[in-house]
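Step one of this worksheet: look at the structure below.
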Amino acid sequence: EMKSSFIIENCKNVRIDITKSKIKNVIISKVEKLTIVLKDCVSGVELMNSKNVDLQVLGWCPSIAVDAS
């Protein structure tokens, strides 16, 4: 079952685990020291204007776009 999109922005020193279900996509903007763990992502991950981000994909993710990070 596919869930919604996730938008993560303006945060610092955060760990997020999205491992229970499949999601559409993840948009990460203006974050610092973020750790994110994903199970499956249908569309992909976008990372913009961020510093020190750790991304771990446990399953499938077709694309990861990084801009100004």
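Quick caveat, the model's predicted, so the values are computed rather than measured. We count residues from 1, following the sequence as given.
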Expected output: side-chain Ser5 to main-chain Lys24 donor-acceptor under 3.5 Å: no
Short side-chain to backbone donor-acceptor contact, Thr35 and Arg15, under 3.5 Å: no
Salt bridge (Lys or Arg N to Asp or Glu O under 4.0 Å) against Asp40, all qualifying residues, sequence neighbours excluded: none
Minimum-distance pair of heavy atoms, taken over all atoms of Lys20 and Lys39: O-NZ, 4.3 Å
Closest non-hydrogen atom pair, Val31 against Asn10: CG1-N, 4.0 Å
Side chain to side chain, Ile36 and Val14, heavy atoms closer than 4.5 Å: no
Minimum side-chain heavy-atom gap Val42-Lys22 below 4.5 Å: yes
Atom pair NZ/NZ of Lys12 and Lys30 - distance to nearest 0.5 Å: 16.0 Å
Closest approach of Ser50 to Ser29 (non-hydrogen atoms, all atoms of both residues): OG-C, 3.8 Å
Test item: Val37 and Ile18 side chains (from C-beta on) under 4.5 Å apart, heavy atoms: no
Check: Asp17 main-chain N/O paired with Thr19 side-chain donor or acceptor under 3.5 Å: no
4.5 Å side-chain heavy-atom contact, Cys61 and Val45: yes
side-chain contact (heavy atoms from CB on, under 4.5 Å) evaluation trace for Cys41 with Val57: CA-CA 8 Å; Cys41 187; Val57 180; 5.9 Å; no
Spacing of Lys33 atom NZ and Cys11 atom SG [to the nearest 0.5 Å]: 13.0 Å
Hydrophobic cluster identity match, Trp60 and Ile23, side-chain contacts under 4.5 Å: no
Validation row: Ile64, Leu55 side chains within 4.5 angstrom (heavy atoms): yes
Heavy-atom check, side chain of Leu34 versus side chain of Ile16, under 4.5 Å: yes
For Ser43 against Asn25, the heavy-atom pair lying closest together: CB-CB, 3.9 Å
Student check: side-chain heavy atoms of Ile8 and Ile27 closer than 4.5 Å: no
